[in-house]
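Model, not experiment: these values are computed from the prediction.
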Amino acid sequence: MALIISITQGKGGVGKTTTAIHLATALERNYQVEVWDTDPQGSASEWAISTAEEGKPLPFEVIPANISTVKRRQPVADIVIIDTPPMNPQIMNAAADRADLVIIPAAPTPLDMARVWSTIEGLGEKPRIVLLTHANPRTVSYRQAREVLDAKEVAVFDAAIKASEALRSQGNAYPSKLFQYGDVALELMELMKESK
């Protein structure tokens, strides 16, 4: 039975598609993975087309998806990662309902953290874990974000995705470097073992 992961956050620009593509690339080394692209802008699909045109296709399939797809499609891979759009509660809710785990990417800023709380409120009892992105672990804002998440007993990946021009420039290109997503994938695989 496939593990279904939804990458969800109400705010745009937090790295949902970057997380979906890089995490899928990292997990593909040990599992068969597919990405469902529910964003009407089709960012993940565009990424897959771009890498294929460059002669280096992604090592997993990216499937354009809508609410009906999310509710009814049967996975053919070990892990499905659903890339969701911001500010689209219908798709976000459908993806969260279908998921076994929701990953909430967020930069350690007051605005992003406010959206984390509203995202969590909408998830009910669904298992979720925050992934800090655009992060600089040496800053006060990063430490404060972690402290608040810990105080509210919200699960957070130990690994944080550091702010990086190199990571940004890898958008729509084959993810030849995984940055901290390799560490996130290892943590995720540990969680999967523990839940068996």
Q) Rounded to the nearest 0.5 Å, what separation is found between the NZ atom of Lys71 and the CG atom of Asp97? A) 8.0 Å
Q) So, Arg128 side chain and Leu101 main chain: donor-acceptor pair closer than 3.5 Å or not? A) no
Q: Determine yes or no for a side-chain-to-main-chain donor-acceptor pair under 3.5 angstrom, with Asp37 supplying the side chain and Ser45 the backbone.
A: yes
Q.
Can a donor-acceptor pair be found, under 3.5 Å and without considering hydrogens, that links the side chain of Lys126 to the backbone of Val102?
A. no
(Q) Within this structure, what is the CG-CG distance for the pair Leu131 and Leu188, rounded to the nearest 0.5 Å? (A) 10.0 Å
Q. Side chain of Ser50, backbone of Glu46: donor and acceptor closer than 3.5 Å?
A. no
(Q) To check you understand the geometry: which heavy-atom pair defines the closest contact between Ile7 and Thr84, and what is its length? (A) O-OG1, 2.7 Å
**Q.** Side-chain heavy atoms of Ile161 within contact of Val184, under 4.5 Å
**A.** yes
Q | Under 3.5 Å: donor-acceptor pair, side chain of Lys16, backbone of Pro105 | A | no
**Q.** Donor-acceptor under 3.5 Å (Thr51 side chain, Ala173 main chain)
**A.** no
Q. Under a 4.5 Å cut-off applied to non-hydrogen side-chain atoms, are Ile103 and Phe157 in contact?
A. yes
Q) Nearest heavy-atom pair of Ser43 and Asn172: which atoms, and what distance? A) O-OD1, 4.3 Å
Q: Could you tell me which non-hydrogen atom of Val35 sits nearest to which non-hydrogen atom of Ala20, and how far apart they are?
A: CG2-O, 4.2 Å
Q. Does the side chain of Tyr142 come under 3.5 Å of the side chain of Arg146 through a donor N or O and an acceptor N or O?
A. yes
Q: Determine, using the 4.5 Å side-chain heavy-atom cutoff (strictly less than), whether Met92 and Met87 are members of one ILVMFWY cluster.
A: no
Q. With hydrophobic residues grouped by side-chain heavy-atom distances under 4.5 Å, do Leu23 and Trp36 end up in a single group?
A. no
Q. Is the number of heavy atoms from other residues, nucleotides or ligands within 6.0 Å of NZ (Lys162) greater than 12?
A. no
**Q.** Where Thr19 and Thr133 come nearest, the two heavy atoms and their spacing
**A.** OG1-CG2, 4.4 Å
Q. How long is the span from the OG1 atom in Thr38 to the CG atom in Asp83, to the nearest 0.5 Å?
A. 6.0 Å
(Q) Using side-chain heavy atoms (C-beta onward) and a distance below 4.5 Å, is Gln41 in contact with Pro85? (A) no
Q. Mind checking what makes ring-ring contact (aromatic ring centres under 6.0 Å, His included) contact with Trp47, not counting sequence neighbours?
A. His22
Q: Determine, stepwise, if the pair Ile104 / Leu123 fulfils side chain to side chain contact (heavy atoms under 4.5 Å, CB included).
A: CA-CA 11 Å; Ile104 306 169; Leu123 292 174; 4.0 Å; yes
Q: Search all heavy atoms of Pro175 against all heavy atoms of Gln170 and return the closest pair with its distance.
A: CA-NE2, 3.5 Å
(Q) Measuring only between side-chain heavy atoms, which start at C-beta, is Leu167 closer than 4.5 Å to Lys177? (A) no
Q: Using the side chain to side chain contact (heavy atoms under 4.5 Å, CB included) rule, take Leu27 and Met189 through it: C-alpha gap first, then chi angles, then the decisive distance, then the call.
A: CA-CA 8 Å; Leu27 290 168; Met189 288 188 283; 4.0 Å; yes
Q. About how many Å separate CG of Asp112 and NE2 of His134, when rounded to the nearest 0.5 Å?
A. 7.5 Å
Q) Side-chain donor-acceptor pair under 3.5 Å between Arg73 and Thr69, yes or no? A) no
Q | Spacing of Met113 atom CE and Ser141 atom OG [to the nearest 0.5 Å] | A | 10.0 Å
Q: List the steps, then state whether side chain to side chain contact (heavy atoms under 4.5 Å, CB included) holds for Val148 with Trp117.
A: CA-CA 11 Å; Val148 169; Trp117 307 129; 3.2 Å; yes
(Q) Tell me whether Ile81 shares a hydrophobic cluster with Tyr31, the cluster being built from Ile, Leu, Val, Met, Phe, Trp, Tyr side chains joined at under 4.5 Å. (A) yes
Q) Are Val76 and Ile63 connected in the hydrophobic side-chain network, where two residues link if heavy atoms are under 4.5 Å apart? A) no
Q: Could you check if a side-chain atom of Ile4 sits within less than 4.5 angstrom of a side-chain atom of Pro75, using non-hydrogen atoms only?
A: yes
**Q.** Considering all heavy atoms, the nearest Arg98-Gln74 contact
**A.** NH2-NE2, 4.1 Å
Q) If two hydrophobic side chains count as joined below 4.5 Å and joins carry through other members, does Ile5 share a cluster with Val70? A) no
Q) If you measure from CD1 on Ile82 to CG on Asp39, what distance do you get to the nearest 0.5 Å? A) 13.0 Å
**Q.** Under 3.5 Å donor-acceptor, Glu28 side chain and Val33 backbone
**A.** yes
Q.
Using a 6.0 Å cut-off, check whether atom CD of Glu187 has over 12 heavy atoms from anything other than its own residue.
A. yes
